[in-house]
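What follows is a short report on a single structure.
By convention in this document, chain letters (A, B, ...) are assigned in the order of the sequence lines, proteins followed by strands, and residues within each chain are numbered from 1.
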Protein chains: 2
Amino acid sequence: MASSEPFVIPATAAIASPSKTTQILEAAGRLFLEGGYGATSMDAVARAAGVSKATLYAYFTNKAELFSAIVAAECARAVPMVVCNNVDGLPVHEGLLKIGRTLLDLLLSPAALGVYRVVVAESPRFPELGRAFYHAGPARTLGAISAYLQAARDRGELTITEPTIAAELFWGMIRGHAHLRCLLLDDKAPDAAQRDCYVQTVVTVFIRSFGVS
Amino acid sequence: MASSEPFVIPATAAIASPSKTTQILEAAGRLFLEGGYGATSMDAVARAAGVSKATLYAYFTNKAELFSAIVAAECARAVPMVVCNNVDGLPVHEGLLKIGRTLLDLLLSPAALGVYRVVVAESPRFPELGRAFYHAGPARTLGAISAYLQAARDRGELTITEPTIAAELFWGMIRGHAHLRCLLLDDKAPDAAQRDCYVQTVVTVFIRSFGVS
DNA sequence: GTCTATAAATGGATAGAC
DNA sequence: GTCTATCCATTTATAGAC
């Protein structure tokens, strides 16, 4: 009778399935961000997601679309960090320290490094994706910093004529070479103490140049 | 007789051949920097170089080695620019302007963007290549800037305790968002006037923070 | 050394059973 | 919806003639 194998879970049953879509996105995200677009095969994605290739193609019409979905999802995850959290009204020194730390943590996070790597690499072949990433990520960060600087100026804490340029300078200093080293050397990222020290230097330099005397 | 086709150039003759090695390197360089590693096939390289695949493999044992050779060659080409040319002894304002302009031009040049793209993308699979690129390019730039800053400090023109950190801040500001925009948007690079204006801003900010009053 | 032709493997994508 | 099995194009790399 059918109950002769009562404990066998049918192969098609999803065990506590978090909907196959997320299951696929998760596996594909890991592979794409680690291996890049070209080196990641749909075969591997299907295997890692525990589904067949046919199922994979039932959810995403082709590789390019799956790739775009991954990048979009990763951008969406990073946005909450980007919105400079709880700095409105903070005195400029504390505010910039907080922004700087958050920003550097984000830039050096494995997820952000992975997306950056793959988007920079593939944006010539996926121009729309490059644009989407820039506007979802860096542009928002820059806007948020710029808005904070403008508010600080309006409170009389900074002397700045072009907030966007100033934000760009701050952003560039924060990124520094650490980002590059994380991208190119298997060197570990600087620890929290080193990062903190660096951010303090940046903030000091910035205020020395733009602060009110 | 053999002279029945006097004007036929044998297929194997190199017409003004700049040695097949450079011929291959040139074609492969173009393709790799435009299309990335994964999207560039050895077939395409052979076709573009005007040789057969067998010949290609006679010169380079495999795709990875050819790729490494390309990156190495491209790094070598950029080195002359990196060495801060003729700034020794220049007053700090002029020196930094010149360094900043040279650096920004280099960073935004199509060749440098191409190498950056492909090295950043592939360094997880070619760790040695990532290291080589970092030390041949960015690290040298940083060293050169640092040396210049140190000299300026010794002349009493700057107040700097850590030249390397200061160089990193300067470098980061110069790169700014323009680099990112060139990488991610089909947006054209800023023209010479815009770049010049930006560099002046950076130098002003830097000197306001590190200059002697 | 260089070519043509091909081997061997892998990739993206689909057909058809269940 | 999901799987197994497969098609077809492409890729890296090599064998063998000249």
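- By the ring pair (Phe, Tyr, Trp, His ring centres under 6.0 Å) test, B:Phe60 pairs with no residue at all, sequence neighbours left out.
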Identify each atom pair where a protein N or O and an N or O of nucleotides 11-13 of chain C are less than 3.5 Å apart, giving names and distance.
from	atom 1	to	atom 2	distance (Å)
C:dG12	OP1	A:Lys63	NZ	2.8
C:dG12	OP2	A:Met42	N	2.7
C:dG12	N7	A:Lys53	NZ	3.1
C:dA13	OP2	A:Tyr57	OH	2.9
C:dA13	OP2	A:Lys63	N	3.2
C:dA13	N7	A:Lys53	NZ	3.4
C:dA13	N6	A:Lys53	NZ	2.4

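- Taking A:Ser209 as the reference, B:Val205, B:Arg208 meet the side chain to side chain contact (heavy atoms under 4.5 Å, CB included) condition, with sequence neighbours excluded.
- Under the salt bridge (Lys or Arg N to Asp or Glu O under 4.0 Å) criterion, the residue pairs touching residues 34-51 of chain A are A:Asp43-A:Lys53, with sequence neighbours excluded.
- Scanning for salt bridge (Lys or Arg N to Asp or Glu O under 4.0 Å) contacts around B:Arg101 gives B:Asp196, with sequence neighbours left out.
- DNA chain D is contacted by no residue of residues 118-130 of chain B, taking any non-hydrogen atom closer than 4.0 Å.
- If you check every strand for non-hydrogen atoms under 4.0 Å, A:Tyr59 touches sugar and phosphate atoms only.
- Distance CZ (B:Phe60) to P (D:dA13): 14 Å, rounded to an integer number of Å.
- In this model, no donor atom of one side chain and acceptor atom of the other lie less than 3.5 Å apart for B:Thr201 and B:Thr204.
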Which pairs would a plain distance check flag for residues 128-136 of chain A, meaning a side-chain donor or acceptor within less than 3.5 Å of a matching protein atom at least two apart in sequence or in another chain?
from	atom 1	to	atom 2	distance (Å)
A:Glu128	OE1	A:Arg131	NH2	3.0
A:Arg131	NH1	B:Asp186	OD1	2.8
A:Arg131	NH1	B:Asp186	OD2	3.1
A:Tyr134	OH	B:His177	ND1	3.2
A:Tyr134	OH	B:Arg181	NH1	3.1
A:His135	ND1	A:Arg131	O	3.0

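- Contact check, B:Ser52 against C:dC3: a side-chain N or O comes under 4.0 Å of OP1 or OP2.
- Within 4.0 Å (heavy atoms only), A:Ala54 reaches at least one base atom of the nucleic acid.
- A:Val203 is linked by a side chain to side chain contact (heavy atoms under 4.5 Å, CB included) to A:His93, A:Leu96, A:Leu97, A:Phe170, A:Val199, A:Ile207, counting only residues two or more places apart in sequence or in another chain.
- Residues that satisfy the side chain to side chain contact (heavy atoms under 4.5 Å, CB included) test with B:Tyr57, not counting sequence neighbours, are B:Met42.
- Distance A:Leu56 CG to D:dG1 C1': 13 Å, rounded to the nearest Å.
- Regarding contacts with the backbone of C:dC3, a side-chain N or O of B:Thr55 is found under 4.0 angstrom from either OP1 or OP2.
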